[in-house]
Every structure is written in C-alpha cells, then in structure tokens.
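Here's the structure we're looking at; comments come further down.
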Amino acid sequence: MFDALIEKLRETPRKIVFTEGPDARILEAAARLKADGFLTPILIGAPDEVRAAAEKGGFDIEGLEIIEPKTYPGFDEMVDKMVELRHGKMSAEECAAALSKGNYFGTMLVKMGLADALLGGATYSTADTVRPALQLVKTKPGAHLVSSCFIMVRGEEKLCMGDCAINISYEDSLDKDGNVVLSGADKLAEVGVEVARCAKVFGIEPKVAFLSFSTKGSGKGPMVDLARNACAKAKELAPEFDMDGEMQFDAAVSPTVGQLKFPGSKVAGYANTFVFPEIQSGNIGYKIAQRLGGFEAYGPILLGMNAPINDLSRGCNADEVYKMAIITAALA
C-alpha cells in the first residue's frame, strides 16, 4: 500500500505541515521524509528550539522550512484572513492569539494554499486538531459532518473501518420548529459513502457492511432501523459501491454465515469496509482487530474536510508519524 502511495507522491509533489516541530517523533519522521525526497515537510516552531531538538536526536533536517508563527512575515495578513473566515465570531486580537499556536497557524497555511496537508496531534488533543480545521478549512461542498476511518493492514490484507473516532452517535438534526432537517440515517449514510471513497484511495475495492446486532431484520429497534435506513440512503448517494446492511459482523465476514443470513448479497461474507452505528462499537472494534487480530491501524483519517488534515495519537512513534504523513498527503 505504501509503495503505491509513495509513487503517487513522487508524481505529484506535496507539502505537509507538522504543527509540533520540536517533538522528537516529528523530527525523526521529517528527517526520513527529507531523505526519501517524495514529500516536503514544513515544521512549525521556534527555529532555534527545533534545530536544537533535531541536533540532540541526531536528525538531519537541514534545508527544511521551519516557521515560527509570531515572526512569520505574513502574520498580519493571516490574522485578517482568519477574522474574515470567522465572520465576526473572533476579534483580531483573538485570532492573533490563536494563530500564535501551531495548530491554528498550520491550518491557516493549508487554507491559504501554502501547504497541501497537515498532520498534528503528537501533543495536541484530537479536538485541538479538528477545531481549527472546522473553523478555517471547513467541510467540503455537500458534506454535513466530519467523520473518520482507520485503514487496517495485516500483511497483504487491507480493511477500512469507520467512524471510530469522531461522531459519538447519529441523532436527527431539527430546526427551531422541531422538523427533521437531517436525519441520523442521513448522517450515517454520508459517513458510509466517505469511508468507501477513502478505502478506494488506499487500494481497497470497497464492499461496505453497515454493522448492527441484527442481520436483515433479525432484530428490532431504533439502532437496527438506523443501520438499515442509512444503508438504503448510502446506496442512493453512491450506487457505484457494493453496500448492504444491516448485518452482524459474522455475516459480514463469513461467507457461510453471510449467505445463510443474507442470501444473494454481494457484501455478506466478503465485506472489507465496515460502517459502525456509533463511536463506541467502532472504537472497540478497530482496537480488537489491532490488538487481538494483529492488524496495524492507520488513522484516524479525517473525512469530509476541504483539505487533508489528520490527527495523530499522542502515543504515536516516529514510524507511525512517517506513515500517517504519507497517508495524509496522498489524499491531497
């Protein structure tokens, strides 16, 4: 998978912003990317601090761009742009304070077209990575929410799982009169389509299972209705993908069980892309696959954004930073 992504990046050079430049894991990954030559890192932080940390770790970052927000020549222009983007919700002083931090500054570099992608979260929380993205880069046209997926790799086997990191649950959105303007099923359907599209980017021909504790009506209740209705809506949004649901996990992955419980389905028994009905089952599910199933988990990959912006685990290592940088830039 990574060989194919690297080849893509060699053909279309990209710049990626790392919001935590002095972090040793970031520096090790950036030095490796510099040596490999297919992706250009930009490091956010005080140059003296970043170079001292690189020297301490023995990482060659000579020639890489290091930007300190407060001394950036275009800082005032950036502040004006952020004030405009926030539509009066933040003053110039508040925007300047936000942009003095790596997460907001790096996101604005992407927004202004000075970088193609961003990777943060080695020290920032997920919220501190996602919030600037939502405020500045925003969702892409037609998207109603941001979601996420994990690419799971075990040898030659690849799976995609979402949403395991962003959306707690899928509730109906109501207007002031109590009318449904966007149903929970609409939201989950959108997540399913985004997850399928992301799977395809990483060489997975998606067979999408909308998971539940029920298979084809064997169970009843609101959660079953959510998965079934979301699947029906997702098929309308993206008829080019094979999707089915609702179905239990065993029906999704076992041909014997799948074709018994869901006869004739192109997905049942052969699923490689899984849509969970809420974050709790999704987060538990991907971690079971990772810890007991021996899969490497890459993500969370944020979906629905206007530009590739991704979040690292604060427990990540340098190799994970390197690989997530490749994944993030490949989405640009």
Side-chain angles (χ1 to χ4, degrees), residues 1-69 101-103 105-107 109-110 114-126 128-130 132-133 148-153 165 201-202 290 295-302 305 307-332:
M1 181 178 79
F2 285 99
D3 288 345
L5 297 179
I6 289 169
E7 190 58 36
K8 177 182 176 180
L9 291 172
R10 289 193 191 281
E11 294 172 359
T12 54
R14 296 282 187 257
K15 291 184 177 181
I16 186 166
V17 178
F18 290 102
T19 57
E20 298 131 317
D23 188 280
R25 298 162 294 175
I26 301 297
L27 290 167
E28 183 176 346
R32 187 174 167 190
L33 289 168
K34 177 204 163 189
D36 290 343
F38 58 80
L39 182 59
T40 302
I42 299 173
L43 301 169
I44 306 301
D48 289 348
E49 182 183 355
V50 172
R51 291 192 183 101
E55 184 175 351
K56 180 180 178 181
F59 308 126
D60 178 14
I61 61 166
E62 187 64 34
L64 293 186
E65 188 173 9
I66 305 169
I67 305 176
E68 183 174 12
K101 301 173 184 175
N103 56 342
F105 184 84
T107 304
L109 288 180
V110 175
L114 301 172
D116 301 293
L118 178 146
L119 188 57
T123 58
Y124 286 114
S125 68
T126 295
D128 285 337
T129 300
V130 175
S148 73
C149 70
F150 282 82
I151 302 296
M152 312 294 292
V153 180
V201 170
F202 295 102
Q290 180 186 32
F295 281 86
E296 293 179 80
Y298 297 104
I301 300 167
L302 299 186
M305 299 298 305
I309 292 176
N310 277 327
D311 178 47
L312 294 162
S313 164
R314 278 174 283 181
C316 65
N317 58 41
D319 186 61
E320 290 168 337
V321 176
Y322 174 84
K323 289 176 177 174
M324 276 301 295
I326 294 170
I327 286 171
T328 304
L331 294 167

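Keep in mind the model is a prediction, meaning the values are calculated, not measured.
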Using the side-chain contact (heavy atoms from CB on, under 4.5 Å) rule, take Leu312 and Met324 through it: C-alpha gap first, then chi angles, then the decisive distance, then the call. CA-CA 8 Å; Leu312 294 162; Met324 276 301 295; 3.9 Å; yes
So which of Ile26, Leu33, Ile66 actually passes side chain to side chain contact (heavy atoms under 4.5 Å, CB included) with Ile61?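 Result: among Ile26, Leu33, Ile66, Ile66 is the only option passing the side chain to side chain contact (heavy atoms under 4.5 Å, CB included) with Ile61.
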Per the side chain to side chain contact (heavy atoms under 4.5 Å, CB included) rule, which among Val50, Ile67, Leu118 passes with Ile44?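 The single option meeting the side chain to side chain contact (heavy atoms under 4.5 Å, CB included) with Ile44 is Ile67.
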Quick one: list whatever passes side chain to side chain donor-acceptor pair (under 3.5 Å) with Asn103, sequence neighbours left out.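 Partners of Asn103 by the side chain to side chain donor-acceptor pair (under 3.5 Å) criterion come out as none, since no residue qualifies.
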Side chain to side chain donor-acceptor pair (under 3.5 Å) with Glu296: which residues, sequence neighbours excluded?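 So Glu296 forms a side chain to side chain donor-acceptor pair (under 3.5 Å) with Tyr298.
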Tell me, which pairs form a side-chain hydrogen bond (donor to acceptor under 3.5 Å, both in side chains) where one or both residues lie in residues 12-21, sequence neighbours left out?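 Residue pairs with at least one partner in residues 12-21: Glu20-Thr123.
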Where at least one partner belongs to residues 26-52, residue pairs that pass side-chain hydrogen bond (donor to acceptor under 3.5 Å, both in side chains), sequence neighbours excluded: Arg32-Asp319, Lys34-Asp60, Asp36-Tyr322
Quick one: ring pair (Phe, Tyr, Trp, His ring centres under 6.0 Å) partners of Phe150, sequence neighbours excluded? Tyr286
Side-chain heavy atoms of Leu331 within contact of Phe202, under 4.5 Å: yes
Taking [Y]'s backbone N and O only, do any of them form a donor-acceptor pair with [X]'s side chain (distance below 3.5 Å, no angle check)?
X	Y	value
Asn310	Leu119	no
Glu7	Ala4	no
Arg25	Cys316	yes

Sequence neighbours excluded, which residues qualify as side-chain contact (heavy atoms from CB on, under 4.5 Å) partners of Ala53?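 Ala53: side-chain contact (heavy atoms from CB on, under 4.5 Å) contacts with Leu27.
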Minimum heavy-atom separation for Pro41 and Ala30, please, with both atom names.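 In this case the closest contact between Pro41 and Ala30 is CG-O, 3.9 Å.
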For a side-chain contact (heavy atoms from CB on, under 4.5 Å) check, start with the C-alpha distance between Asp23 and Phe18, then their side-chain angles and the critical distance, and finish with the verdict. CA-CA 10 Å; Asp23 188 280; Phe18 290 102; over 6 Å; no
